[in-house]
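Worth saying up front: this structure is predicted, and the values here are computed from it rather than measured. Values reported hereafter were calculated over all heavy atoms of this structure, with side chains retained and with hydrogens, waters and symmetry mates removed.
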Protein chains: 2
Amino acid sequence: MRPGLAPTRRRVIRKPSARLAPRERILAAARELFYRDGIRAVGVEAIAACAGTNKMTLYRHFSSKDALISAYLNRLSDESDAVWEEARRAEPGNPGAQLRWLLRRVSQFADESSGRGCALANAAVELAGRRHPACRIVEAQKRRTRERLVALCREAGFAHPRELADELFLLVEGARVSLQSVGPRGPGSRLCALAEALLDAAPKVNHKV
Amino acid sequence: MRPGLAPTRRRVIRKPSARLAPRERILAAARELFYRDGIRAVGVEAIAACAGTNKMTLYRHFSSKDALISAYLNRLSDESDAVWEEARRAEPGNPGAQLRWLLRRVSQFADESSGRGCALANAAVELAGRRHPACRIVEAQKRRTRERLVALCREAGFAHPRELADELFLLVEGARVSLQSVGPRGPGSRLCALAEALLDAAPKVNHKV
DNA sequence: CTTTGGTGTTACCGATCGGTAACATCATGG
DNA sequence: CCATGATGTTACCGATCGGTAACACCAAAG
């Protein structure tokens with residue numbers, strides 16, 4: 001083992017065009033099926049088949065279905081965090097533009113998505129009552145999102161950042177959940193317009209409107 | 001059978017203090033368990049036991065678990081409709097007060113509830129992908145709620161009733177779903193204040209603000 | 001009284017699901 | 001070339017679940 005490399009990096013990307021490692025394919029399959037059909041409705045065998053492998057290999061990478069669920073939610077949470085970084089890079093030094101960038105992102109996601117709402121929130125619903133550690137993942141992610149929203153609203157110079165952030169948060173969550181329950185042509189489709197109007201009307205700190 | 005009475009009304013309320021008919025107890029048990037633990041997580045046997053009866057009697061009243069789910073959601077939908085009638089009786093002829101009455105109602109429900117959000121929306125999440133007729137029930141109820149909101153906002157004299165109604169709708173749905181996913185101390189607890197502020201700031205038709 | 005219809009009880013069936021054991025296969029690294 | 005470790009395959013286990021059959025029970029209506 002050479003210094004600076006992970007010890008005996010096994011399966012070093014067989015070929016550039018080779019398919020991903022089984023663990024990644026399983027996570028991708030879980031992501032697709034969990035989101036589309038629901039966590040409880042999908043069996044581990046279906047996930048393994050969708051990943052082009054089998055149940056044994058799945059259980060060699062994840063100790064249980066619950067562990068797979070947690071890994072799935074952790075990945076979703078990480079990707080959600082990445083979106084915030086993306087917004088920061090897209091509109092550097094401009095918190096207001098970052099806010100609007102994020103809103104548009106959520107809106108277009110809502111359009112292109114299969115209308116199944118927020119995968120994290122759906123998981124929290126399906127894992128009800130259970131002291132499943134996965135629920136903690138969802139809660140932590142949502143809490144972080146809320147805090148980030150408050151911070152961004154404050155940086156953008158709004159007079160009441162917490163109130164504005166909570167209102168935006170509820171609008172976004174409501175849009176996603178109603179996308180699931182009332183359909184893609186429901187009020188969720190107006191999220192972008194409503195949120196933008198809200199931002200336009202919100203008072204700033206220095207100059208009263 | 002005497003005229004003016006339903007033909008051979010069977011089981012005419014045995015005694016004033018007697019417990020309800022099995023069908024009612026089953027529906028009540030299903031309501032409690034479905035909401036608390038999730039539809040897919042609860043077995044028919046648990047529902048029957050919670051209702052003080054057994055699986056056979058359950059299947060004598062509901063042809064399948066899916067039929068029970070539909071009955072459960074239909075009842076929820078009916079009760080939701082009843083709340084609108086209650087608002088009309090509580091604040092007759094005053095659409096604005098009815099709006100605020102409903103908002104307060106939702107908020108206090110959010111507080112006293114177990115933090116599991118909207119039972120209808122949760123059902124839509126759990127019944128994902130399936131062309132389950134129950135999904136139609138949820139969709140119809142949500143659509144009706146939205147239309148009623150628009151009508152009430154229009155009657156209350158707001159200048160942009162559809163926009164305001166959709167914003168209120170999203171706020172309410174977001175508050176309920178985030179009650180489930182981020183917890184009872186999340187932004188959902190601010191629903192009432194946010195919505196009231198929204199109503200206060202919304203322009204009316206006759207006198208511009 | 002007897003009849004009748006709803007109810008309780010037990011046992012069971014078939015299907016599905018999460019999870020495991022044992023063994024064959026195959027590519028890699030030494 | 002051989003050893004090693006990851007992967008594929010098959011079969012299986014126990015538990016749970018939706019749903020049904022058969023029969024005993026019990027209260028009310030005639």
Side-chain angles (χ1 to χ4, degrees), chain A residues 1-2 5-15 17-27 29-30 33-34 37-72 126-127 129-130 132 134, chain B residues 1-2 5-15 17-27 29-30 33-34 37-72 126-127 129-130 132 134:
Chain A
M1 51 184 105
R2 310 230 299 279
L5 285 182
T8 318
R9 172 84 79 198
R10 55 184 131 171
R11 205 150 310 268
V12 265
I13 313 162
R14 317 161 185 247
K15 282 176 183 174
S17 63
R19 57 187 200 177
L20 295 83
R23 185 188 167 91
E24 284 308 308
R25 284 178 293 151
I26 291 168
L27 272 173
L33 295 184
F34 279 163
D37 300 330
I39 292 178
R40 302 193 78 113
V42 173
V44 287
E45 199 135 23
I47 295 174
C50 176
T53 178
N54 51 62
K55 199 160 54 164
M56 269 314 301
T57 298
L58 187 152
Y59 275 103
R60 288 191 186 106
H61 288 279
F62 303 94
S63 61
S64 66
K65 185 184 181 182
D66 280 347
L68 175 58
I69 293 172
S70 289
Y72 157 70
E126 289 204 80
L127 272 32
R130 307 208 282 170
H132 202 293
Chain B
M1 50 184 106
R2 310 229 298 278
L5 284 182
T8 318
R9 173 84 78 197
R10 56 183 131 169
R11 203 150 311 267
V12 267
I13 313 162
R14 318 163 185 244
K15 282 177 184 174
S17 65
R19 56 186 202 178
L20 296 83
R23 184 188 168 92
E24 285 307 308
R25 285 179 294 153
I26 291 169
L27 272 173
L33 296 184
F34 279 162
D37 300 330
I39 292 178
R40 303 193 77 115
V42 174
V44 287
E45 199 135 23
I47 296 174
C50 176
T53 178
N54 52 61
K55 200 161 51 164
M56 269 314 300
T57 298
L58 188 150
Y59 276 104
R60 289 189 186 108
H61 287 280
F62 303 94
S63 61
S64 65
K65 185 184 181 181
D66 280 347
L68 175 59
I69 294 173
S70 289
Y72 157 69
E126 288 204 81
L127 272 30
R130 306 206 283 169
H132 202 291

With nearest nucleotides of DNA chain C determined for A/Arg60 and A/Glu45 from heavy-atom distances, which residue corresponds to the more 5′ nucleotide?
A/Glu45

Quick one: B/Asp66 CG to D/dG18 P, roughly how many Å, whole number?
10 Å

In whole angstroms, the gap separating C1' of C/dG19 from CD1 of A/Ile47 amounts to 14 Å

Nucleotide nearest B/Ser64 when distance is taken to its side chain, options C/dG18, D/dG19, C/dG8:
D/dG19

Return whichever of A/Met56 or B/Asn54 has its heavy-atom-nearest nucleotide of DNA chain C closer to the 5' end.
B/Asn54

Interatomic distance, A/Arg40 CZ vs D/dG18 P [rounded to whole Å]
11 Å

A/Ile69 backbone acceptor or donor facing A/Asp66 side chain under 3.5 Å
no

Taking all heavy atoms of B/Arg40 and all of B/Glu126, pick out the closest pair and write down the distance.
N-OE1, 3.3 Å

Which atom pairs link the protein and nucleotides 14-17 of chain D when you take only N or O atoms and keep those under 3.5 Å?
none

Regarding the side chain of B/Tyr59, the nearest nucleotide among D/dG18, D/dG8, C/dT9 is D/dG18

Can you confirm whether B/Leu58 sits close enough to B/Thr53 that some side-chain heavy atom of one is under 4.5 Å from a side-chain heavy atom of the other?
no

In this structure, how many angstroms lie between the C1' atom of D/dG5 and the NE2 atom of A/His61, rounded?
12 Å

Any idea which of C/dG19, D/dG18, D/dT7 is nearest the A/Thr57 side chain?
D/dT7

